[in-house]
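What follows is a short report on a single structure.
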2 protein chains.
Amino acid sequence: MLNLRDKIIEQSLILFDENGFHGVTVKQIVEASNTSKGGFYHHFHSKEELLFVIHDAFITYVSKEAKAANETHTSPVEKIQAIIRSFVKVFDLYKPHISVFYQESMYLKQEYEQQIKKKRDEFKQMILQVIEEGQRMGYFRKELPPILTGMAILGMVNWIYKWYRRDGEYSIDEIADVFIDLILHSLLPSVEGEYRSQMLTIPFFYDKK
Amino acid sequence: MLNLRDKIIEQSLILFDENGFHGVTVKQIVEASNTSKGGFYHHFHSKEELLFVIHDAFITYVSKEAKAANETHTSPVEKIQAIIRSFVKVFDLYKPHISVFYQESMYLKQEYEQQIKKKRDEFKQMILQVIEEGQRMGYFRKELPPILTGMAILGMVNWIYKWYRRDGEYSIDEIADVFIDLILHSLLPSVEGEYRSQMLTIPFFYDKK
DNA sequence: ATGTAAAGACCGACTGGTTGGTCTGTAGTG
DNA sequence: CACTACAGACCAACCAGTCGGTCTTTACAT
């Protein structure tokens with residue numbers, strides 16, 4: 001069984017997801033976790049620290065995954081594929097964390113916010129690097145401004161948290177397939193060629209007429 | 001000079017943008033607007049109605065623009081270009097509205113929320129239709145699932161509100177250029193051809209090496 | 001094994017400040 | 001006079017956080 005601290009996090013995640021950070025009182029959290037104010041404040045200095053803990057757990061995970069993907073592959077094309085895939089899949093694993101992350105990050109106090117921002121920027125930086133590397137090595141179209149391209153990728157993936165449902169029409173893997181395909185079509189040069197057609201074949205939806 | 005109602009909206013937009021809806025009190029709004037509680041509640045039934053008014057102003061505008069773009073063009077390619085462009089440009093015009101729109105929409109009560117959702121869905125529907133139309137007419141790759149493609153587009157554009165600054169490196173028009181290029185590269189078939197290369201020539205960043 | 005003391009975990013009534021919203025009043029206008 | 005547009009004192013509810021205290025586990029000496 002979970003210890004109290006984890007149970008509080010788990011329950012508050014559910015509540016925040018439904019009602020937003022400001023739509024949930026400590027009393028509600030405490031009741032849902034079958035504990036008391038005392039129990040809560042024994043584990044967290046403030047309601048806001050709980051918010052931070054949730055943020056941190058998520059961004060730490062994403063950053064770690066991306067680093068791994070970055071290191072296990074050598075070609076920029078494979079790197080970006082792996083990063084996108086692991087990033088997309090996070091939205092299945094960490095959905096409630098992410099809702100809180102994007103909805104309520106502005107209510108984090110300076111001190112907390114800076115820690116989060118640091119890790120978030122690290123992640124952003126990694127994507128940027130892969131794009132630039134891919135351009136230098138001639139895999140990706142050189143005319144694209146890396147920053148805007150990176151923000152476009154981040155945006156389309158991040159937005160998933162607004163619409164993804166586990167019981168939705170497409171599985172998270174299918175979403176990853178399509179998104180990777182869209183992104184590669186944007187990044188790779190238009191000229192038809194061996195390499196391009198090889199990289200652009202993604203199973204699940206290509207057989208549809 | 002603005003009437004009081006507009007002044008309250010204007011000022012609260014600035015405050016919400018900086019501190020979030022829950023980070024701003026009615027008292028602060030009232031002081032920033034050089035008025036009183038009485039003044040505020042004369043024009044709005046509640047703080048939440050103000051939130052709704054802000055939401056509504058924005059989504060109504062976007063939806064209207066998109067409809068216009070949809071009607072003045074015939075080719076799906078031109079349609080999507082025009083819709084994306086006008087949509088992207090909204091982020092320059094309505095930045096504070098949009099921050100509030102995406103950050104705080106969950107705090108709208110049922111009644112308000114449904115009105116907003118309706119208009120938002122209309123807009124989403126329009127993009128979907130253009131994609132499907134483009135596929136049927138053979139302009140866009142038929143293997144792409146329209147819903148996922150639509151959500152990807154919506155995501156990359158919507159996310160702009162998280163990072164766009166007026167004094168940033170790229171102008172809103174340049175951002176629109178790049179995003180349209182990325183999207184068209186994703187949508188159009190890979191095969192090199194007259195039409196494709198014609199549609200994919202966007203001035204500002206193609207001369208960079 | 002047993003007694004004991006200290007630390008850690010948890011309880012829940014209480015509080016003090018805050019906040020959205022109300023209500024009565026009033027200045028100006030037609 | 002009637003009506004709109006606003007002023008500002010006031011209120012009731014709420015809510016994050018506190019604090020004194022209890023129960024449970026651990027640590028160690030006898």
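Keep in mind the model is a prediction, meaning the values are calculated, not measured. Below, read A as the first sequence line, B as the second, and so on, with proteins coming before strands; counting in each chain starts at 1.
- The residue A/V30 sits apart from the nucleic acid: no heavy atom pair falls under 4.0 Å.
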- Message: With side-chain contact (heavy atoms from CB on, under 4.5 Å) as the criterion, how do A/V100 and A/D17 come out once you've worked through the C-alpha distance, each side chain's angles and the decisive distance to 0.1 Å?
- Response: CA-CA 7 Å; A/V100 175; A/D17 196 28; 5.8 Å; no

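- For A/Y107 and D/dC15, the OH to P distance is 16 Å, given to the nearest whole Å.
- Note: NZ (A/K109) to C1' (D/dG17) measures 12 Å, nearest angstrom.
- The aromatic ring centroids of B/F101 and B/Y94 lie 6.0 Å or more from each other.
- Put simply, the side chain of B/D173 does not reach to within 4.5 Å of the side chain of B/D92, judged on heavy atoms.
- The side chain of A/S36 contributes no N or O atom lying less than 4.0 Å from OP1 or OP2 of C/dG12.
- When the P atom of C/dG20 is taken as reference, atom CD1 of B/I8 falls 14 Å away, rounded to whole Å.
- To the nearest angstrom, P of C/dC10 lies 11 Å from CG of A/D6.
- The pair A/E111-A/K109 does not meet the salt-bridge criterion, since no charged nitrogen lies less than 4.0 angstrom from a carboxylate oxygen.
- Taking the centre and axis of the six-membered ring of A/Y107, the NZ or CZ atom of A/K47 falls outside the cone set by 45° and 6.0 Å.
- Nearest to the side-chain atoms of B/T35 among the listed nucleotides C/dC11, C/dG20, D/dC6 stands D/dC6.
- On a pure distance criterion of 3.5 Å, a polar donor-acceptor pair joins the side chain of A/K37 and the base of D/dG17.
- Between the NE2 atom of B/H22 and the P atom of C/dG20 there is a distance of 10 Å, given to the nearest Å.
- Of all nucleotides listed (C/dC10, D/dA7, D/dA16), C/dC10 comes nearest to the side chain of A/L4.
- Taking a 4.0 Å limit (strictly below) on heavy-atom distances, residues 42-49 of chain B reaches DNA chain C at B/S46, B/K47.
- The CG-P distance, from B/N34 to D/dG8, rounds to 11 Å in whole Å.
- Counting to the nearest Å, the P atom of C/dG21 and the CG atom of B/L51 are 12 Å from each other.
- Residues B/Y161 and B/Y102 bring their aromatic ring centres within 6.0 Å.
- Separating the NZ atom of A/K27 from the C1' atom of D/dC14 is a distance of 10 Å, rounded to the nearest angstrom.
- In this structure a side-chain-to-backbone donor-acceptor pair under 3.5 Å is missing from B/S33 to B/T35.
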